[in-house]
Structures are given as structure tokens and as C-alpha cells.
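Here is the structure we will look at.
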Protein chains: 2
Amino acid sequence: MSITSDLLRGHTDTIILRLLLNRDSYGYEINKYISEKTDGAYELKEATLYSAFRRLEENGSISSYWGDETTGARRRYYSITRQGRAVYEQNKTDWEEAKTILDELIKEG
Amino acid sequence: MSITSDLLRGHTDTIILRLLLNRDSYGYEINKYISEKTDGAYELKEATLYSAFRRLEENGSISSYWGDETTGARRRYYSITRQGRAVYEQNKTDWEEAKTILDELIKEG
DNA sequence: TGATATACCTTGACAGACATAGTAACTCGT
DNA sequence: ACGAGTTACTATGTCTGTCAAGGTATATCA
């Protein structure tokens, strides 16, 4: 069973920022992590992920740099910025509120 | 405090179907109900609501008829169909899964 | 040599939510 | 009787996030 990203549309940024709270990471790793963490139930498409990176970098939530891999394919690493942490906190709050609202609206009885 | 509909994007149909489970209703009433039930925290824009009606009617989840108001503005009433009930059940399940997944992905510690 | 995995990027299409505008009938205060 | 506000629905075009589809390049392993 797997859900479409459209059901969590708008929350991709939050997921990425959350992961970057722990440590810098790069696209491929983040994608694998999400897939594995959810047992394949949720998968971000590459285009979605990389366009999220662009958006987040443009609005100052993350910064990026090329890794210095001496072997294998090059990797672009992303760091969460101070501003990104604030955005993450706000997004988390918004998500809690969204959950409450939808649950309230569709609860039965 | 209020959230944008984009945070619940894709769940508008579910909200509408849920309300129609109780009884037939019409656009303006549904919109007011949502707004009041959430103390104004969540409001569907008219364009969003009416385009959802179109979508739901096209895919057979609801049917509609003009009310026979003898006074006041005309009202178009909507009924949930048998198929709509099935869609609703599926959407509810999907929402539960989406919640679980996002909570898992952004939980800290 | 070819398949698979790692790793990133670009382009264009699509769908849902939105802003904005319009139509029309009723209600209420002055 | 007038204007403002409420009720109630509709149409058009824009924006944004996700996606499908395609591409580049390196390393590993059969």
C-alpha cells in the first residue's frame, strides 16, 4: 500500500527540513531514507525532491555545497539555515493545526 | 490563526463527502459550516468549493438538484451517492495513512 | 560488455486552490 | 424607498507543487 505525494502536498519542504536538522545530507540519500523509513509507502519523485531543494534554497531555508567525493558520483550537500529552522518550526505547527482541523471535520458521530 | 487550504490540498473532497453523509446540503451552507466548525481557522474559497462539486459530480461521487425555494436565492443541493460513500471511506483511510507517515517522518528524537 | 546502483538535472504537463469578477434575490436600518 | 449587507451560485484565468519523461555521468559486479 502506498499513498500519493499529493496527499501530503505542501509538506515536502517540512520533511526535508526535518531530516536536515540532524545533519547535512544530499538528494539521493534523503530519498532513500524517506522510502526506507516508510517501508516504501511514501516515495518522493526525483523531480519533486530537486525542485523542493531549489525552492528551499531560493527562500533561504537551506544552503548547499558540492561534496569532495574522491570516488563515485558527485554529491550536492544541503544544510539547514537558521532561517530554515524557523520555517520548520512554523511548518510543524501548521501541520498540527491542519491535522486537528481535518480530523475534526471528518470525525463521525 | 488560520491555515491555508493548500496544507489540506486534496482533502477538500473528503470534507465535502463527510458532510453529505449526514444529509443533502448546498454550497453556501457547507462553506459556513466548515468556517464555523473550525472557528474561522479554515475556510474554503468559493471557487475551490464549487470546482470540487464539479469534480465530484463528474466522477459520480455526488449528484445534484435544484431546491424548490419559494423565497430567497435558488440553491443547488448535493447528495452523496453510493459510489461517493466508497470514495469517502477510501479517502479516510488514505488520510489516516498520510498522517502516520508524515508524523513518523518529522517526529524528533 | 552490459546491467544495476549511485547521483544529479531539465523540460513540460497537470490538477487543485486561488483571485477576481459577475449575476440575482432577499433583509434590514434609516 | 434607498443602500448596504447577506444569501447563493457561476465563470475565467493564474499560480504552485508534483509528476512523467528524458538526459548526464561514475562505479560495481556478473
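Throughout, a chain's letter reflects where its sequence line sits, starting with A, and its residues are numbered from 1.
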Rounding to a whole Å, what distance do you find between Asn31(B):CG and dC18(C):C1'?
-> 13 Å
Could you state the CG-P distance from Leu49(B) to dC18(C), rounded to the nearest angstrom?
-> 11 Å
Assign Thr71(A) to base, sugar-phosphate, or nothing according to its heavy-atom contacts below 4.0 angstrom with the strands shown.
-> sugar-phosphate
For the pair made of CG in Leu7(A) and P in dA15(C), what is the distance, rounded to whole Å?
-> 16 Å
Where chain B begins and ends its contact with DNA chain D, read 5' to 3' at 4.0 Å from heavy atoms = dT7(D) to dA11(D)
So which nucleotide from dT10(C), dC9(C), dA7(C) ends up closest to the side chain of Ala47(A)?
-> dT10(C)
Distance (rounded to the nearest 0.5 Å) between Asp68(B) CG and Arg74(B) CZ = 15.0 Å
For Asp13(B) and dA15(C), give me the distance from atom CG to atom C1', rounded to whole Å.
-> 11 Å
Report the residue (Arg76(B) or Arg74(A)) whose heavy-atom-nearest nucleotide on DNA chain D is the more 5′ of the two.
-> Arg76(B)
Integer-rounded Å distance: dA24(C) P and Tyr28(B) OH = 19 Å
Pairwise 5' ranking along DNA chain D for Glu43(A) and Tyr77(B), keeping only the more 5' one = Tyr77(B)
Looking at every strand, decide which applies to Glu46(A) at a 4.0 Å heavy-atom threshold: base, sugar-phosphate, or nothing.
-> base
Who pairs with Tyr26(A) by ring-ring contact (aromatic ring centres under 6.0 Å, His included), at least two apart in sequence or on another chain?
-> Tyr77(A)
Is it true that atom CG of Asn22(A) has more than 12 heavy atoms of other residues, nucleotides or ligands lying nearer than 6.0 Å?
-> yes
Nucleotide nearest Arg54(A) (side chain, heavy atoms from C-beta), chosen from dC18(C), dA7(C), dC9(C) | dC9(C)
How many Å lie between CG on Leu44(A) and P on dA7(C), as a whole number?
-> 17 Å
Arg55(B) CZ - dA15(C) C1' separation (whole Å) | 8 Å
Between Ser79(B) and Leu20(B), what is the shortest heavy-atom contact and its length?
-> C-CD1, 4.4 Å
What's the CZ-P distance between Phe53(B) and dA17(C), to the nearest Å?
-> 13 Å
